[in-house]
Amino acid sequence: MSAGGGNGPHADWIGWREALETILSRCEPLETEDVALSGALGCAVAEDVTADVVHPPWDNSAMDGVAVHAADVSGATAEDPVVLPLSDDIPAGSFPSGPLAPGTVARLMTGAPVPAGASGVVRVEHTSEDSAGRISFFKDSDANRNIRRRGEDLDAGEIVLRAGQAVTPAAVGVLAMQGRSRVTVRRRPRVGVLSNGNELADFDEVEEVRAGRRIMNSNGHALAAQLIDAGAEPVPLGIARDEAADIRRRLESADQCDAVISSAGVSVGDHDQVKAALEDLGMRRVFWRARIRPGSPLTFGLLGGKPFWGLPGNPVSAMVTFEVFLRPALRKMMGHRHAEAPRVLGKTRKAISSSADLTHFYRVRLDRVAGDLPLVELTGPQGSGILTSMSEADGLLIVPEGIAEVGAGETVEVIPLPGDWS
Ligand code: AMP
Ligand code: MG
């Protein structure tokens with residue numbers, strides 16, 4: 001699946017993998033910063049985090065029950081219970097008054113410290129208490145069980161999170177458990193989002209759209225949402241008219257950004273002024289055109305030394321090229337260990353014919369099937385202007401160049417989309 005094809009009709013366009021590798025080689029991890037834990041979700045930890053809080057901090061009970069010495073309850077049954085006096089009562093938040101004296105037992109709640117010497121905690125269901133405060137045991141199966149040992153989750157000095165690991169909800173939990181209200185991460189990329197085209201309107205001109213005279217700048221909003229989903233910060237650069245001066249002015253206003261995305265104006269139409277503006281600004285083009293569908297007019301370069309993506313204007317092309325090329329690049333900038341998401345395997349429900357000269361990213365639904373791989377089915381017509389093919393999709397089915405047909409029932413790879421798993 002590498003760039004390969006030196007002989008196809010688009011031999012001078014770049015292949016998918018080579019395009020992605022080229023992009024990744026130009027995107028470097030951003031600086032580290034110390035942030036509040038509450039704002040770190042989706043970032044990557046910048047350095048190993050080591051435990052200094054031992055968890056759990058004491059041997060504690062996994063059950064509401066009664067701490068015992070195993071020898072004292074050995075052989076207890078419902079017919080022939082063992083009866084022992086209570087010497088202690090330990091709710092969560094309290095500590096035992098001392099070690100468990102042989103021949104006595106201690107009542108305790110889940111999480112409460114287990115008195116020294118106890119071998120196990122008999123769950124409350126296997127006991128009863130009489131009015132004199134003695135405990136009857138009907139079973140001895142818990143006699144050596146139900147104690148969670150000090151430090152069994154994290155001992156002092158153990159690595160809690162490794163550099164490059166994502167701050168997931170679970171990582172937030174572990175850091176909170178460690179008492180860390182702040183965490184050092186790589187900062188979120190600020191990414192300028194420019195839309196281009198005289199036909200575009202935004203919400204403030206929506207009546208023009210309703211009247212059928214303009215179309216909504218859906219790319220600006222969808223790309224901003226993708227950026228947020230990827231953990232980056234979108235910086236809106238608005239809608240540029242198809243004039244080099246307006247485009248240039250808006251791109252110049254992105255000088256505080258770490259990268260810029262511009263949609264439309266990358267094909268060969270007469271009114272595409274984006275290229276002229278980029279030339280004026282000294283953009284160094286790294287590649288233009290990739291052997292992919294949708295999105296072949298993809299442009300990548302360095303603008304003021306920072307990554308610049310010229311995405312196609314068609315709404316599906318813009319969103320697909322984001323998922324395939326930008327999300328991994330942003331993840332690298334954010335310091336994540338893996339740039340690309342693991343692919344999902346599925347089986348095609350029907351045959352899909354493709355064109356062998358391009359790598360295709362088809363919008364597909366994944367239907368879960370009990371005990372088998374999900375069934376992969378196209379969301380419907382795959383035109384690059386059919387944005388609902390994207391909103392209906394669970395993922396992007398990859399059909400690499402060189403393949404003209406995928407048979408029904410074949411195992412295929414799907415790039416998962418931030419999706420609707422309901
Ligand atoms: P272009 O790349 O300028 O040739 O545009 C290709 C197609 O995408 C045209 O149908 C445009 O109207 C449409 N398009 C361009 N930019 C946007 C945008 N920001 N939002 C929605 N559609 C767009
Ligand atoms: Mg245009």
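First listed ligand is number 1; within each ligand, the first listed atom is number 1. Atoms considered below: every heavy atom in the structure, side chains included; atoms not considered: hydrogens, waters and symmetry mates.
The aromatic rings of F287 and F300 are tilted relative to each other, their planes meeting at an angle between 30° and 60°.
Distances between N or O atoms of P315 and those of ligand 1 include no value under 3.5 Å.
Looking at atom 11 (C) of ligand 1, its nearest protein heavy atom turns out to be E199 OE2, 3.1 Å. The protein heavy atom nearest to atom 14 (N) of ligand 1 is G313 O, 3.2 Å. In this structure, the protein non-hydrogen atom closest to atom 6 (C) of ligand 1 is N314 N, 3.7 Å. Nearest protein heavy-atom neighbour of atom 19 (N) of ligand 1: N217 OD1, 2.8 Å. The single protein non-hydrogen atom nearest to atom 4 (O) of ligand 1 is S267 OG, 3.7 Å, given as residue, atom name and distance. In terms of protein heavy atoms, atom 17 (C) of ligand 1 is closest to N219 ND2, 3.3 Å.
Between G265, P312, G310, it is G265 that holds the heavy atom closest to atom 2 (O) of ligand 1.
Between R180 and D52 there is a salt bridge, since a side-chain N of the basic residue sits under 4.0 Å from a carboxylate O of the acidic one. Using a 4.0 Å cut-off between a side-chain N of Lys or Arg and a carboxylate O of Asp or Glu, D280 and R248 qualify as a salt bridge. Between E377 and R349, at least one side-chain N (NZ, or NE/NH1/NH2) sits under 4.0 Å from a carboxylate O, which counts as a salt bridge.
Both tests hold for R289 against W13: distance to the six-membered ring centre under 6.0 Å, angle to the ring axis within 45°.
Listed by number with element, the atoms of ligand 1 under 4.0 Å from a non-hydrogen atom of M216 are 20 (N), 21 (C).
Residue contacts with ligand 1 for L200 involve side-chain atoms from C-beta outward but no N, CA, C or O (heavy atoms, distance under 4.0 Å).
The two residues S119 and A143 have their closest heavy-atom pair at OG-O, 2.7 Å.
With sequence neighbours excluded, no residue satisfies ring-ring contact (aromatic ring centres under 6.0 Å, His included) with F137.
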